[in-house]
There are 2 protein chains.
Amino acid sequence: MAGLVGEFEVKVDAKGRFLFPSGLRKQLSPATQRDFMLNKGFEDCLTLYPLPEWEKISEKLAKMNLFKPKNRMFYRLFHQGAKLIALDNAGRILIPTAHMERVGLNQDVMLIAYNDRIEIWDKSKYFDVIEGNMADFADLADEVMGDLDDGE
Amino acid sequence: MAGLVGEFEVKVDAKGRFLFPSGLRKQLSPATQRDFMLNKGFEDCLTLYPLPEWEKISEKLAKMNLFKPKNRMFYRLFHQGAKLIALDNAGRILIPTAHMERVGLNQDVMLIAYNDRIEIWDKSKYFDVIEGNMADFADLADEVMGDLDDGE
DNA sequence: AAAAATTACCCACTATTACCCACTTTCTTC
DNA sequence: GAAGAAAGTGGGTAATAGTGGGTAATTTTT
């Protein structure tokens with residue numbers, strides 16, 4: 001699999017749940033469709049990792065030299081707020097209140113899936129960020145894709 | 001493949017579907033005639049990538065280091081509106097309502113094929129943009145293609 | 001330990017989409 | 001120009017996706 005893809009709009013109901021979109025579910029093997037690790041994301045979002053992907057990241061981090069203060073701090077910060085989550089029988093996810101407040105989630109939520117992760121954004125915040133960066137998109141493409149070519 | 005070409009006019013039916021023109025289908029190998037990746041293009045249009053073309057790009061992106069903020073942002077920008085799409089048995093594409101609204105698609109739609117992609121425009125919007133820029137065509141040619149000579 | 005709040009589990013309903021079938025029109029071939 | 005094939009339209013229906021909320025179980029609070 002080339003990784004997760006897709007942008008999905010979901011609605012949080014009165015109980016703080018939303019349906020995990022079928023389009024995303026189908027990208028995951030049956031064994032990984034139920035359990036996820038929820039963590040705070042970079043920038044203003046939450047991130048959902050399929051368990052196997054989370055373990056890959058964990059392994060990477062475990063290789064760090066934890067005698068270095070900076071590494072220890074990064075390790076703590078990265079894991080702080082991580083929580084194991086499972087879908088209910090209707091295929092919905094319940095986001096803990098504390099997490100929702102942390103990134104200012106309202107009723108309208110966007111799920112952004114790429115590579116090994118699913119980001120959870122407040123819809124209006126997401127589009128603000130996207131529009132704010134759109135102007136730099138071309139430059140960014142040049143910069144990012146340019147770097148990649150160097151590696152080949 | 002020498003790349004896709006052509007401008008096609010299609011009509012969106014009451015269910016939000018349109019027929020993928022046979023002239024375009026014939027440019028694709030049988031294996032790639034069914035599945036596409038839809039996403040939001042530059043300017044006010046949607047872009048359809050044949051799956052193999054999309055995967056080429058994906059492979060490159062998968063090598064990025066996602067601990068770098070720039071790379072994450074690029075990923076998000078590039079994946080805007082990304083959604084896997086398949087034709088139905090009658091060879092039609094269903095464009096999700098959210099996507100149609102996002103770029104203001106009405107009943108009359110233009111498909112613009114070039115290189116590895118197919119752009120989907122609202123007809124009137126497309127001609128507005130074309131006409132609006134026609135006057136600058138000569139200058140643009142000079143500006144864009146003029147540089148090419150230097151490199152050859 | 002009782003009350004309140006949160007979370008998990010379950011059931012019922014609605015909307016959307018995938019799938020199918022039938023028909024009309026246009027192009028090809030004889 | 002007739003016959004057949006392919007292109008293009010339109011819509012019905014069954015299955016799935018998505019929504020809403022009741023109640024039991026668990027946890028938290030007083």
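Note that the coordinates shown come from a computational prediction; the quantities given were computed from them, not determined experimentally. Protein chains get the first letters and strands the later ones, always in sequence-line order, with residue 1 at the start of each.
- If you check distances only, the side chain of Lys11(A) never reaches the base of dG20(D) with a donor-acceptor pair under 3.5 Å.
- Between the CZ atom of Phe18(A) and the P atom of dT19(D) there is a distance of 11 Å, given to the nearest Å.
- The backbone N or O of Tyr49(A) lies less than 3.5 Å from no partner atom in the side chain of Arg117(A), so there is not a single donor-acceptor pair.
- Not one N or O on the side chain of Lys70(B) forms a donor-acceptor pair closer than 3.5 Å with the backbone of Leu140(A).
- Between Arg72(B) and Glu119(A) there is no salt bridge, since no side-chain N of the basic residue sits under 4.0 Å from a carboxylate O of the acidic one.
- The CG-C1' distance, from Leu84(A) to dA8(C), rounds to 15 Å in whole Å.
- If you check dA7(D), dT17(C), dA8(C) against the side chain of Arg25(B), the one that comes closest is dA7(D).
- Hydrophobic clustering places Ile57(B) together with Val5(A) (ILVMFWY residues linked when any side-chain heavy atoms are closer than 4.5 Å, directly or through intermediates).
- At least one side-chain nitrogen or oxygen of Ser22(A) sits closer than 4.0 Å to the OP1 or OP2 atom of dG18(D).
- A distance of 12.5 Å separates CG in Leu48(A) from CD1 in Ile112(A), rounded to the nearest 0.5 Å.
- Distance, Asp13(A) CG to dT14(C) P: 18 Å, rounded to whole Å.
- Across dG18(D), dG10(D), dA7(D), the shortest atom-to-atom separation from the side chain of Leu19(B) is found for dA7(D).
- A side-chain contact (heavy atoms from CB on, under 4.5 Å) with Pro50(A) is found for exactly one of Asp116(A), Leu28(A), Asp35(A), namely Leu28(A).
- The aromatic rings of Phe78(A) and Phe42(A) sit tilted relative to each other, their planes meeting at an angle between 30° and 60°.
- Rounded to a whole Å, the CD atom of Glu9(B) is 19 Å from the P atom of dA7(D).
- Using a 4.5 Å cut-off on side-chain heavy atoms (C-beta onward), Asp88(A) and Leu94(A) make no contact.
- At whole-Å resolution of the value, CZ in Phe8(A) and P in dT17(C) are 13 Å apart.
- In the set dG10(D), dC19(C), dA17(D), dC19(C) carries the atom at the smallest distance from any side-chain atom of Asn89(B).
- For Arg17(B) and dA7(D), the CZ to P distance is 18 Å, given to the nearest whole Å.
- At a cut-off of 3.5 angstrom, counting only N and O atoms as typed in the model, there is a donor on one side and an acceptor on the other between the side-chain of Arg92(A) and the base of dG21(D).
- For His99(B) and dT16(C), the NE2 to C1' distance is 16 Å, given to the nearest whole Å.
- Positionally, the nearest nucleotide of DNA chain C for Pro96(B) lies more toward the 5' end than for the other of Ala90(B) and Pro96(B).
- The stretch residues 104-112 of chain B has no heavy atom under 4.0 Å from DNA chain D, so no residue of it qualifies as close.
- Remark: P of dT6(C) and CE of Met100(A) are 13 Å apart, rounded to the nearest angstrom.
- Using a 4.0 Å heavy-atom criterion, one finds that Asp88(B) contacts no nucleic acid atom at all.
- At a threshold of 4.0 Å, the pair Glu53(A)-Lys56(A) counts as salt-bridged, since one of the basic side-chain nitrogens sits closer than that to a carboxylate oxygen.
- Counting all heavy atoms, side chain and backbone alike, Leu51(B) lies closest to Met37(B) at CD1-N, 3.9 Å.
- Nearer to the 5' terminus of DNA chain D, by closest-nucleotide assignment, is the contact made by Gly23(A) (compared with the other of Ala14(A) and Gly23(A)).
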Sub-3.5 Å pairs of nitrogen or oxygen atoms, protein against nucleotides 23-29 of chain C:
none

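- Counting only heavy atoms from C-beta on, Lys26(A) has its side chain closest to dA17(D) among dG8(D), dT7(C), dA17(D).
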